[in-house]
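See structure below.
Chain identifiers are assigned alphabetically (A, B, ...) following the order of the sequence lines, protein sequences preceding nucleic acid strands; residue numbering begins at 1 within each chain. Owing to the predicted nature of the structure, the values given are computational and were not obtained by experimental measurement.
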There are 2 protein chains.
Amino acid sequence: MISQTAEYALRAVIHMAKCRESSLSTRQIADATEVPIAYLSKVLQSLTKAGVIHSHRGLKGGFSLVKPPEDITVYDVINAVDPMKRIESCPLKNTSHGKNLCPLHRRLDSVLEATENAFRSTTLAELL
Amino acid sequence: MISQTAEYALRAVIHMAKCRESSLSTRQIADATEVPIAYLSKVLQSLTKAGVIHSHRGLKGGFSLVKPPEDITVYDVINAVDPMKRIESCPLKNTSHGKNLCPLHRRLDSVLEATENAFRSTTLAELL
DNA sequence: ATAAATCTGGATATGCATATCCAATTTTAA
DNA sequence: TTAAAATTGGATATGCATATCCAGATTTAT
């Protein structure tokens, strides 16, 4: 349902939420979350660019959450590394309904919508 | 959310549901659903093995649904080609909760469950 | 019987998500 | 000022989902 990358990102930010006080290095997060350190490094870069976490370079550097866990949703994290794609238009060309969704894709998109809503309404604080 | 393969399988069986009377060749289905014919061939083989459709070899052969569209669910079709995997146990080794799910994976699995229920309760007949 | 149409199954190719590696840069502490 | 610790970003490798190709087997119509 969610990509491996999104799973890793969620594990990382949840661990950071548990250690709110200090800035954590890539290695510390990798050890705690069992994510391959080199790959985690890329994931943390994505989260940084998306503004979910802060990075601090140099000795004693590391990463920390930008906002308190109550204000960060699962949706925010997933979107930072692997954005959900809703079905905007029917993928078939030769169709009678034009760009409107056919029954199949209407149904699939409504499931996507429900999933998106579930992610939007879950904060990191609820996952500690 | 669902794989490309599952999407192709759904397009195929829905088209077959629309042409219930006759047996359709791979080419006919490929043309109607805009699925690459060689790949569709593999998808139809999976659906056959799973007992969702019948295959008829030889001249005038092709594929047809085993059951009426009212009795085939989206879940049946997806499961035939790309089974949904619920989260049975926490993917982390070093965890305090043992094989029980942590809050994150409990939440993710409940979303999976909701998705599974949506697919189980939708029949092909509703998608025509 | 024969030819044509069609499925079957194995081998192979392609593309993207996942994963690794390393040199360069930045920052802190002594 | 120097050394150590850490992020950054580019290059590269790996694995799996997706996609293609083709020779063989099966069935129908004539």
Can you tell me the distance, in whole Å, between the CG atom of B/L59 and the P atom of D/dA25?
19 Å
Value in whole Å for how far the P atom of C/dA5 lies from CD of B/Q28
13 Å
Within residues 31-41 of chain A, those residues having any heavy atom closer than 4.0 Å to DNA chain C are A/P36, A/A38, A/Y39
Would one find a side-chain N or O of A/Q45 under 4.0 angstrom from OP1 or OP2 of D/dG9?
yes
Please tell me if A/T5 has a side-chain N or O lying less than 4.0 Å from either OP1 or OP2 of C/dT18.
yes
Between B/G62 and A/G58, which has a closest nucleotide on DNA chain C that is more 5'?
B/G62
Can you tell me the distance, in whole Å, between the CG atom of A/L47 and the C1' atom of D/dG9?
17 Å
Residue B/Q4, side-chain atoms from C-beta onward, closest of C/dA4, D/dT18, D/dT7
D/dT18
Closer than 3.5 angstrom, by distance alone: can the side chain of B/T115 be matched with the main-chain N or O of B/V111 as a donor-acceptor pair?
yes
Identify which nucleotide among C/dA4, C/dT28, D/dT18 has an atom closest to any side-chain atom of A/K60, counting heavy atoms from C-beta outward.
C/dT28
Grab the CD1-C1' distance between B/I29 and C/dC7 for me, whole Å please.
12 Å
With no hydrogens and no angle check, just 3.5 Å: does a side-chain donor-acceptor pair link A/S3 and A/D82?
yes
If I take atom NE2 in residue B/H54 and atom P in nucleotide C/dT8, what distance separates them, rounded to the nearest angstrom?
12 Å
For residues B/H105 and A/E7, is any side-chain donor paired with an opposing acceptor at under 3.5 Å?
yes
C/dC7 OP1/OP2 closer than 4.0 Å to side-chain N/O of B/T26
yes
Annotated protein contacts, base or backbone, on nucleotides 10-15 of chain C with a non-hydrogen cut-off under 4.0 Å, one of B, S, - each:
B-----
Classify the side-chain pair A/S64/A/H56 by whether it contains a donor and acceptor separated by less than 3.5 Å.
yes
When you measure from the side chain of B/D109 to the backbone N and O of B/R86, does any donor-acceptor pair fall under 3.5 Å?
no
With a cut-off of less than 4.0 Å, is there a side-chain N or O of B/S55 near OP1 or OP2 of C/dT8?
yes
Nearest-Å distance, CZ (A/R57) to P (D/dA6)?
14 Å
Would you please say whether a donor-acceptor pair under 3.5 Å links the side chains of A/S121 and A/Y75?
no
Closest to the B/F63 side chain, choosing from D/dT8, D/dA19, C/dT8
C/dT8
Verify side chain to side chain contact (heavy atoms under 4.5 Å, CB included) between B/I29 and B/M16, making sure each step is shown before the conclusion.
CA-CA 8 Å; B/I29 300 171; B/M16 291 166 78; 4.0 Å; yes
Grab the CG-P distance between B/L44 and C/dC7 for me, whole Å please.
8 Å
Using a cut-off of strictly less than 4.0 Å between a heavy atom of the residue and any atom of DNA chain D, enumerate the qualifying residues of residues 76-84 of chain A by number.
none
Rounded to whole Å, the NZ-P distance (A/K49 to D/dT8) equals 9 Å
We want to know whether B/T73 and B/R120 form a side-chain donor-acceptor pair, criterion being a heavy-atom distance below 3.5 angstrom.
no
